[in-house]
Every structure is written in C-alpha cells, then in structure tokens.
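Both backbone and side-chain heavy atoms feed into the values below; hydrogens, waters and symmetry mates do not. Position 1 is the first residue of the sequence, and the numbers go up from there.
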Amino acid sequence: MRIEDFPRPRDDNGRGVHWSARLYHDAVYPSQDHWVDQLRAMKIKWVKLLDDGGGSGIPLAQKLLAADIMPVIRIYMAQLNPSTLGGRELNTVERYVAIGVRYFESNNEPDLPAEWRNNQMPDNWLDVVVDNFIRDADAVLSRGGLLALPAMGPGSRDNPVSMVVQKGRRDIFENGCWVAIHNYTLNHPLDYPDDAVNQLGQPLTQAEYDAYARWQYSHLTYDQIVAMGIPLSRDDYFKYNRWAWDARSMEMVNQVRAANKRPGSTVYDDPNCFRGYQAAGKMIHDALGFYVPVISTEGGPVVGWGDDNRYAKVNPTTQRDWQVGITRFLQTIAPPWYFSCCTWLLASRPLGDFNPTWEQMSWYTHAWDMQFGLDGELPIVQALKDEPSVIRPEIPARVTARTAHRY
C-alpha cells in the first residue's frame with residue numbers, strides 16, 4: 001500500500017483527539033450525539049477510542065463514521081504483554097471492519113513495566129513485542145484491518161521497525177501496517193529542541209516569569225480576596241501563586257537554564273516533544289526505504305504538565321496556543337505520511353470516567369475553573385471551533401491523480 005491508498009476521513013484536515021480513557025461508552029452525559037456534535041463543531045476528523053475487546057466501542061464508532069470522523073480503535077487488555085489477540089478480539093476486529101473501521105492498535109507502550117503482566121519486563125522484551133506484533137498484524141490484515149506498530153512511551157528511541165525487517169517481515173508494512181506514536185509536548189514549546197532555551201539557555205525576563213505565573217486572582221492579595229467574598233482557601237491561594245514554576249524563583253529557573261543548555265541537540269537526540277513525529281519518520285524510512293502512515297494515538301499538550309524545570313507548567317493559554325499551532329501544521333505543511341495527532345484528552349467525567357487524574361488532563365473539565373476563571377472547558381475548545389478547517393494539501397491530489405511513487 002502507498003500512502004495515498006490508506007483510508008482517510010472525508011475532507012481530512014488532520015485534526016484529532018483521544019475520546020476518553022474509558023472502555024465503555026454508554027454512561028455518557030448528556031448523550032453520545034451531543035459529544036459527536038461537539039467534535040464536529042471543532043472540525044475533528046480522527047478520534048482514538050478504547051474497546052474492551054468485545055465491541056464496546058462499536059455503537060459510538062458508527063456515529064463517528066456517520067459524521068465523517070475516522071475512528072482509531074485500541075483493543076484494550078490490561079497488562080496485555082506478552083499476550084496476543086485471541087479469538088474474541090479478532091472477531092471484534094471483523095465486526096469493526098464490517099461497519100467501515102480500518103485502523104487498530106493491539107498494544108500500548110510496551111517499553112514500560114506497567115504494560116506487562118505483574119509489571120515484569122523480560123530482558124528480551126522488544127523481541128517479544130515485535131514477534132507478537134507480527135502475529136497480530138497477520139491476523140488483523142487478513143481480516144481487512146490496518147494494525148499499528150505499537151507506540152512506545154514518550155521519548156523512546158527504540159526502533160522496532162528495523163527489527164520487523166530483520167525478522168524478514170517487511171511485507172506487513174507494504175500491506176497496510178502503520179506506526180503509532182505518543183509525542184506529547186510535555187512542557188516543551190513546539191519548536192523544541194531548537195528553541196533558544198534548550199539550545200542557548202536563554203534566561204527568563206521578569207515579564208515572562210510573571211506572565212506564565214498569572215492566574216485568575218494573581219493581581220489580588222489574599223486579604224482582598226477574603227474582603228470580596230471569593231470562595232478561595234488560603235492554601236489554594238498560595239498554591240496557585242506558586243503553581244506555574246513549582247515555587248522556583250526566576251533566579252533558580254535561570255540557573256537551571258544556564259546549566260542545562262544543549263547546543264546542537266536535535267529531535268533525534270531528544271524526541272520528548274511534539275516533533276517526535278520526525279524521529280518516527282526517520283526510523284521508518286531508515287528501515288524500509290519508504291514511509292508508512294504515522295498517527296499520534298496519544299500526544300499533544302496537556303494542562304498541568306511540567307516535566308522540564310527549565311520551562312513553566314502548561315497552562316490553559318499555552319495549551320490552546322500549542323494545540324492551535326499543531327492544528328495549523330497538520331492542515332498545511334505536515335508530511336503526507338503524518339496523518340493526525342489524537343491529542344489527549346477530550347473529556348472524562350461527562351464520558352463516564354471519574355478518575356481525577358484524567359479529569360485534570362481533559363479539554364472539557366471543571367478542574368481548572370477556579371484557578372483560571374474557566375467554566376467547564378479549556379480555551380482550546382472555542383479556538384478549534386473558530387479555526388477554519390483546511391483540507392490537507394495532499395488530499396485533493398490523491399483524489400485527482402494517483403501517483404505511483406511512495407512519499
């Protein structure tokens with residue numbers, strides 16, 4: 001299969017989102033139709049969806065397909081490694097293919113102990129993962145599905161594509177397999193690792209330090225908040241004041257920046273950023289000599305993340321700006337083989353998941369209302385509704401003229 005042979009949603013603009021962390025999609029408020037309407041209003045074209053292995057996502061997938069949205073289905077098994085898909089799961093793949101779903105995942109971040117039975121990874125874990133992927137790929141491809149080489153954890157530099165080739169099974173990538181990645185931004189800007197902070201240790205100015213630390217009531221003292229009757233505890237007030245920089249002073253941040261600058265660092269040295277898709281593309285082309293589709297089945301910016309102490313935590317404004325930047329990139333200049341970034345995470349509680357961790361990571365959430373003056377949704381929601389949808393430039397070309405070469 002060539003890149004242009006892979007199915008795409010109608011008027012594909014590359015916009016994607018991860019639905020929820022839940023396997024079951026019946027306890028949705030107010031309704032599945034409401035949330036599909038929200039997706040359509042944001043012009044989302046790709047949605048990552050979890051399935052319990054028995055078809056729990058099929059009714060929702062049908063609604064997504066009817067709305068010209070392409071589902072990407074992860075067949076979920078807890079601590080699934082070193083397992084492979086069984087009869088129940090493969091029957092579910094057949095049922096999905098029958099309604100028009102094509103993209104599947106059968107594994108997830110197998111480079112992490114948490115994804116292995118009893119949290120025990122064998123020394124030859126990558127060999128096991130690749131062998132199991134080959135078995136699953138043969139089974140899924142024979143049923144009309146397209147299976148992903150599993151996404152590793154963020155920042156991974158393992159090259160399982162080359163191992164598949166070494167095992168004599170390059171053909172599965174010629175016949176429809178693709179590559180899943182998890183290119184979260186962390187709290188790195190979109191041009192990381194080429195940005196001046198990483199390359200040169202560029203120091204913060206006081207204005208920048210203050211801007212990143214700003215929150216809804218940062219201009220008030222706590223006594224003023226009490227006098228105004230705002231329902232905010234003293235603990236929360238001081239927590240929010242110190243939140244963006246984890247209580248680090250500007251001088252402390254600049255010391256860390258100076259000490260940890262990395263001149264000459266490239267995305268191939270540090271793929272812990274959105275541009276990790278470039279590292280994946282190189283991995284694929286080095287091993288195969290051609291490209292297969294890459295889809296971020298998790299990724300993008302998440303409010304609250306602050307893994308790199310040279311940068312502020314991601315707040316709702318930076319999350320919006322970075323996600324809009326990703327959207328514009330995907331719609332205009334992304335390589336034709338990088339199909340979509342299904343950003344983590346659409347919603348949690350309204351979709352039946354009451355895990356507080358996922359709630360803080362969601363686009364539709366009340367978790368940040370008090371701190372940032374919001375009302376149940378992040379600014380990115382309205383920004384995507386306002387952002388014009390642009391059909392990816394390679395889409396008209398693949399409709400009007402089917403070229404013979406691989407991208």
Side-chain angles (χ1 to χ4, degrees), residues 18-24 48-54 56-57 71-90 92-93 103-140 145-164 167 169 172 177-186 271-272 276-277 279-280 283-284 294-300 302 305 307 341-345 348 353 355-358 360-361:
H18 195 299
W19 175 265
S20 78
R22 186 170 162 78
L23 303 179
Y24 302 99
K48 163 73 175 291
L49 192 64
L50 301 184
D51 186 281
D52 70 346
S56 64
V72 179
I73 304 297
R74 177 184 164 195
I75 305 296
Y76 180 89
M77 291 180 281
Q79 292 191 311
L80 57 91
N81 291 288
S83 301
T84 56
L85 298 177
R88 174 177 180 263
E89 291 80 25
L90 292 173
T92 296
V93 169
Y103 292 94
F104 297 92
E105 289 182 292
S106 63
N107 204 341
N108 178 74
E109 297 187 353
D111 55 334
L112 304 181
E115 297 291 351
W116 289 77
R117 198 169 300 139
N118 301 317
N119 298 314
Q120 297 295 316
M121 290 175 66
D123 292 338
N124 66 334
W125 68 270
L126 190 53
D127 265 315
V128 173
V129 168
V130 169
D131 287 341
N132 288 349
F133 164 68
I134 290 170
R135 292 190 194 98
D136 285 344
D138 284 337
V140 171
L146 307 170
L147 188 68
L149 183 73
M152 301 296 172
S156 171
R157 285 182 282 182
D158 296 303
N159 190 343
V161 180
S162 66
M163 290 192 66
V164 174
K167 292 174 183 287
R169 294 307 310 273
I172 60 179
C177 283
W178 51 282
V179 172
I181 62 171
H182 290 174
N183 56 331
Y184 288 98
T185 63
L186 306 185
N272 253 320
Y277 77 87
M283 172 186 74
I284 293 164
V294 172
I295 299 173
S296 305
T297 54
E298 296 178 24
V302 178
W305 283 21
D307 302 71
C341 178
C342 295
T343 300
W344 186 271
L345 180 68
S348 293
D353 190 336
N355 184 316
T357 299
W358 308 146
Q360 287 195 335
M361 297 180 181

Asker: Within the 4.5 Å heavy-atom criterion, are Pro71 and Tyr103 side-chain neighbours or not?
Answerer: no
Asker: Is there a side-chain contact between Asp52 and Arg88 (heavy atoms, below 4.5 Å)?
Answerer: yes
Asker: Taking the side chain as every heavy atom from C-beta outward, state whether Asn107 and Asn132 have any pair of such atoms under 4.5 Å apart.
Answerer: no
Asker: Give a yes or no on whether Asp123 atom CG has more than 12 heavy-atom contacts from other residues, nucleotides or ligands under 6.0 Å away.
Answerer: no
Asker: Quick one: does Ser348's side chain get under 4.5 Å of Met361's, heavy atoms only?
Answerer: no
Asker: Show the numbers, then the answer: is there a side chain to side chain contact (heavy atoms under 4.5 Å, CB included) between Leu80 and Arg117?
Answerer: CA-CA 7 Å; Leu80 57 91; Arg117 198 169 300 139; over 6 Å; no
Asker: Taking the side chain as everything from C-beta on, heavy atoms only, tell me whether Trp19 gets closer than 4.5 Å to Val72.
Answerer: no
Asker: Calculate, to the nearest 0.5 Å, the distance between atoms CD1 and CG belonging to Ile73 and Leu147 respectively.
Answerer: 12.5 Å
Asker: For Glu89 and Gly86, indicate whether the former's side chain and the latter's backbone hold a donor-acceptor pair under 3.5 Å.
Answerer: yes
Asker: Quick check: closest heavy atoms across Ala21 and Leu345, and the distance to 0.1 Å?
Answerer: N-CD1, 4.0 Å
Asker: Quick one: are Glu298 and Glu109 in side-chain contact, heavy atoms under 4.5 Å?
Answerer: yes
Asker: Got a sec, which residues hit side chain to side chain contact (heavy atoms under 4.5 Å, CB included) with Asn118, two or more places apart in sequence or on another chain?
Answerer: Gln120
Asker: Within the distance-only criterion (no hydrogens, no angle test), does the side chain of Thr92 pair as donor or acceptor with the backbone N or O of Gly53 below 3.5 angstrom?
Answerer: yes
Asker: Name the orientation class of the two ring planes belonging to Trp344 and Tyr184 (parallel below 30°, tilted from 30 to 60°, perpendicular beyond 60°).
Answerer: perpendicular
Asker: Go through the side-chain N and O atoms of Asp353 and Ser20 and say whether any donor and acceptor fall under 3.5 Å apart.
Answerer: no
Asker: Sub-3.5 Å donor-acceptor pair from the side chain of Asp307 to the main-chain atoms of Leu186, do we have one?
Answerer: no
Asker: If you compare all heavy atoms of Leu112 against all heavy atoms of Met121, which two are closest, and at what distance to 0.1 Å?
Answerer: C-SD, 3.6 Å
Asker: Using only atom types and a distance under 3.5 Å, with no angle test, would you say the side chain of Ser56 pairs donor to acceptor with the backbone of Leu23?
Answerer: yes
Asker: Determine whether the side chains of His182 and Thr297 contain a donor N or O and an acceptor N or O closer than 3.5 Å.
Answerer: yes
Asker: Is Asp131 salt-bridged to Lys167, going by a charged N under 4.0 Å from an acidic O?
Answerer: yes
Asker: For a quick check under 3.5 Å, do Asp51 and Tyr76 share a side-chain donor-acceptor pair by atom type?
Answerer: no
Asker: Shortest non-hydrogen contact from Glu115 to Pro110?
Answerer: CB-CA, 4.4 Å
Asker: What distance separates Cys342 SG from Ile295 CD1, expressed to the nearest 0.5 Å?
Answerer: 6.5 Å
Asker: Determine the minimum heavy-atom distance between Ala114 and Gln79, stating which atoms define it.
Answerer: O-CG, 3.4 Å
Asker: In Å, rounded to the nearest 0.5 Å, how long is the span from CD1 of Ile134 to OG1 of Thr84?
Answerer: 12.5 Å
Asker: Determine, stepwise, if the pair Asp127 / Met163 fulfils side chain to side chain contact (heavy atoms under 4.5 Å, CB included).
Answerer: CA-CA 8 Å; Asp127 265 315; Met163 290 192 66; 3.0 Å; yes
Asker: Would you confirm whether Asn159, through its side chain, and Ser162, through its main-chain N or O, come within 3.5 Å as a donor-acceptor pair?
Answerer: yes
Asker: Taking the side chain as C-beta and beyond, is there a heavy-atom pair between Arg74 and Asn108 under 4.5 Å?
Answerer: yes
Asker: Taking all heavy atoms of Cys341 and all of Gly300, pick out the closest pair and write down the distance.
Answerer: SG-N, 4.0 Å
Asker: Rounded to the nearest 0.5 Å, what separation is found between the CG atom of Asn272 and the OG1 atom of Thr185?
Answerer: 10.0 Å
Asker: So do the side chains of Val128 and Trp116 get within less than 4.5 Å of each other, counting heavy atoms only?
Answerer: yes
Asker: Please evaluate residues Met283 and Val179 with respect to the criterion side chain to side chain contact (heavy atoms under 4.5 Å, CB included), reporting the C-alpha separation (whole Å), side-chain torsions for both, the decisive distance (0.1 Å), and the verdict.
Answerer: CA-CA 10 Å; Met283 172 186 74; Val179 172; 4.3 Å; yes
Asker: Grab the two heavy atoms, one from Leu146 and one from Trp178, that are nearest each other, plus how far apart they are.
Answerer: O-NE1, 2.9 Å
